[in-house]
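Position 1 is the first residue of the sequence, and the numbers go up from there.
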Amino acid sequence: MYPLWSIRSPDNEHSHVDENAQVLDVGGAPINGLYSAGEMVGGLFSGNYPGGSGLTSGAAFGRLAGASAGRWTRHG
């Protein structure tokens with residue numbers, strides 16, 4: 001079984017991700033095996049956050065991150 005982590009950023013900073021929802025380090029390189037979804041991806045709205053938009057973001061990036069993580073577990 002692979003570890004799963006759920007985090008919340010205390011300062012409302014968002015993770016930067018690539019097209020596979022893989023988290024990028026400060027230099028822009030993907031962090032092996034680390035994926036992000038939902039509110040942590042950010043970048044959709046700033047200041048004016050319409051109700052329910054987090055559900056759509058979580059569903060879209062969650063599916064993408066889950067599929068990408070699944071491929072990573074099979075292929076490294």
Side-chain angles (χ1 to χ4, degrees):
M1 182 163 199
Y2 293 94
L4 295 176
W5 296 92
S6 176
I7 61 170
R8 176 152 167 58
S9 173
D11 55 3
N12 291 325
E13 288 293 321
H14 298 104
S15 56
H16 295 260
V17 298
D18 65 11
E19 66 278 1
N20 296 311
Q22 193 166 9
V23 178
L24 305 176
D25 66 17
V26 294
I31 299 173
N32 196 23
L34 184 61
Y35 298 87
S36 185
E39 300 292 327
M40 286 307 300
V41 173
L44 299 176
F45 301 98
S46 177
N48 184 15
Y49 204 77
S53 60
L55 299 173
T56 304
S57 172
F61 284 102
R63 184 175 191 280
L64 179 61
S68 297
R71 280 192 301 278
W72 180 79
T73 61
R74 289 189 299 276
H75 306 292

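Residues Gln22 and Gly33 come closest through the heavy atom pair NE2-N, 3.5 Å. Pairing each heavy atom of Ala37 with each of Ala65, the nearest pair is CB-CB, 4.3 Å. Heavy-atom minimum distance, Asn20 versus Ser68: O-OG, 2.8 Å.
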Apply side chain to side chain contact (heavy atoms under 4.5 Å, CB included) to Val17 and Tyr35, showing your working. CA-CA 8 Å; Val17 298; Tyr35 298 87; over 6 Å; no

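Atom CG in Asn32 sits 11.5 Å away from atom CG in Asp25 (nearest 0.5 Å).
Follow the hydrophobic side-chain contacts under 4.5 Å out from Phe61 and you never reach Leu24; the two are in separate clusters.
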